[in-house]
Amino acid sequence: MFGYIRIFKPHLRICEYDTYKSIYCGLCKTLGKSYGIISRFTLSYDFTFLAMLETALKNNEISVKNEPCIAHPFKKTLCAYCDGGFEFTASAAVLTLYHKLCDDKIDKGIKKKIRARFLLPFIKKEYKKAAHQYPELASTIEYEMENQFIIEKE
């Protein structure tokens, strides 16, 4: 479900790669602030791409700050913030994580099932918050996940 988009670092200029990393960090900060620390585990290159796409389509201004990182507490990293924010992307990440965990709960593999059953109660509150904030996105993802379930069943 996740992990389809990857950057090819050799084709990026240094400033492009730094911008990409700063958006990744800014999205991580937004996830933590809006949905708590567990939601930061949803962070992927896929959602970084979505944040970049949203920023470009809305023509948002990006500002960059040097801030401490939760993954590297003794090192400050560049963190991007934009005037429109990364709230939509953060919400999309939480919504898809919830449905991924629901899918893992019914899939084969005991490790996935145990992890899903353990994490679902922690992410349910954040899911409801994101679904309330973006109900159309939540219903679209739910509809598509139901279609995926039907296809997998066949």
Side-chain angles (χ1 to χ4, degrees), residues 1-12 16-57 67-82 85-154:
M1 184 177 210
F2 301 119
Y4 291 104
I5 295 176
R6 300 206 191 274
I7 60 167
F8 189 60
K9 192 176 173 182
H11 283 194
L12 296 177
E16 292 169 338
Y17 182 67
D18 288 344
T19 301
Y20 184 83
K21 281 187 354 185
S22 68
I23 290 174
Y24 185 90
C25 294
L27 183 56
C28 182
K29 294 268 186 184
T30 302
L31 279 164
K33 188 175 79 175
S34 299
Y35 298 107
I37 197 160
I38 290 178
S39 67
R40 289 181 171 195
F41 293 107
T42 66
L43 190 58
S44 70
Y45 295 139
D46 301 336
F47 292 109
T48 305
F49 175 75
L50 180 60
M52 291 176 73
L53 183 64
E54 180 187 13
T55 301
L57 289 174
E67 294 187 353
C69 173
I70 193 166
H72 309 284
F74 302 112
K75 178 180 151 188
K76 287 192 174 187
T77 57
L78 293 176
C79 209
Y81 295 96
C82 69
F86 297 127
E87 282 78 20
F88 175 80
T89 305
S91 297
V94 169
L95 292 169
T96 54
L97 172 67
Y98 175 80
H99 286 288
K100 180 186 180 351
L101 292 173
C102 289
D103 185 52
D104 285 352
K105 196 170 77 172
I106 57 174
D107 278 349
K108 294 178 183 174
I110 192 74
K111 284 183 182 179
K112 281 185 175 181
K113 287 182 180 189
I114 291 171
R115 185 185 74 200
R117 289 190 186 276
F118 176 75
L119 291 175
L120 267 171
F122 294 105
I123 202 72
K124 191 157 187 138
K125 181 180 145 195
E126 282 73 20
Y127 170 79
K128 287 180 181 179
K129 182 179 175 183
H132 178 74
Q133 201 168 15
Y134 295 97
E136 190 175 311
L137 178 63
S139 64
T140 300
I141 292 172
E142 187 171 335
Y143 175 76
E144 295 302 333
M145 289 302 293
E146 287 172 6
N147 285 342
Q148 178 183 329
F149 177 73
I150 291 167
I151 291 169
E152 286 177 351
K153 209 172 186 183
E154 290 175 359

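- Here the side chain of S22 pairs no donor or acceptor atom with the backbone of L78 at under 3.5 angstrom.
- What you find for C82 and T55 is that their closest heavy atoms are SG-OG1, 4.1 Å.
- For I37, the CD1 atom counts as loosely surrounded, since its 6.0 Å shell holds 12 or fewer non-hydrogen atoms of other residues, nucleotides or ligands.
- One finds the OH atom of Y24 at 7.5 Å from the OG atom of S44 (value rounded to the nearest 0.5 Å).
- To the nearest 0.5 Å, atoms CG (L137) and CD (E142) are separated by 11.5 Å.
- Between L31 and S39 the shortest heavy-atom distance is O-OG, 3.0 Å.
- Distance CD1/I23 to SG/C28: 14.0 Å, rounded to 0.5 Å.
- Of the candidates K29, K75, K33, E67 forms a salt bridge (charged side-chain N to carboxylate O under 4.0 Å, His left out) with just one, namely K29.
- Rounding to the nearest 0.5 angstrom, the gap separating the NZ atom in K153 from the CD1 atom in I106 is 8.5 Å.
- When only modelled atom types and interatomic distance are considered, Y81 and T30 share no side-chain donor-acceptor pair under 3.5 Å.
- Residue M145 holds its CE atom at 11.5 Å from CG of L95, rounded to the nearest 0.5 Å.
- Pairs engaging residues 116-132 under the side-chain hydrogen bond (donor to acceptor under 3.5 Å, both in side chains) rule: H99-Y127 [sequence neighbours left out].
- Shortest non-hydrogen contact noted between D104 and K113 is O-CG, 3.7 Å.
- In this structure, S139 contributes its side chain and E136 its backbone to a donor-acceptor pair below 3.5 Å.
- Shortest non-hydrogen contact noted between Q133 and S91 is OE1-OG, 3.6 Å.
- Residues that satisfy the side-chain hydrogen bond (donor to acceptor under 3.5 Å, both in side chains) test with E152, not counting sequence neighbours, are Q148.
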Next item on the list: For side chain to side chain contact (heavy atoms under 4.5 Å, CB included), just list the numbers for F47 and T96, CA-CA rounded to whole Å, side-chain angles, deciding distance to a tenth of an Å, and then say yes or no.
Entry: CA-CA 10 Å; F47 292 109; T96 54; 3.1 Å; yes

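- L120 approaches C102 most closely through the heavy-atom pair CD2-SG, 4.0 Å.
- Remark: L50 CG to F86 CZ distance equals 10.5 Å, nearest 0.5 Å.
- Between L101 and A116, the closest heavy-atom pair is O-CB, 3.2 Å.
- In this structure, the side chains of R115 and L119 come closer than 4.5 Å at one or more pairs of heavy atoms.
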Check: Hey, mind stepping through T77 and K21 against side chain to side chain contact (heavy atoms under 4.5 Å, CB included) and telling me if it holds?
Finding: CA-CA 9 Å; T77 57; K21 281 187 354 185; over 6 Å; no

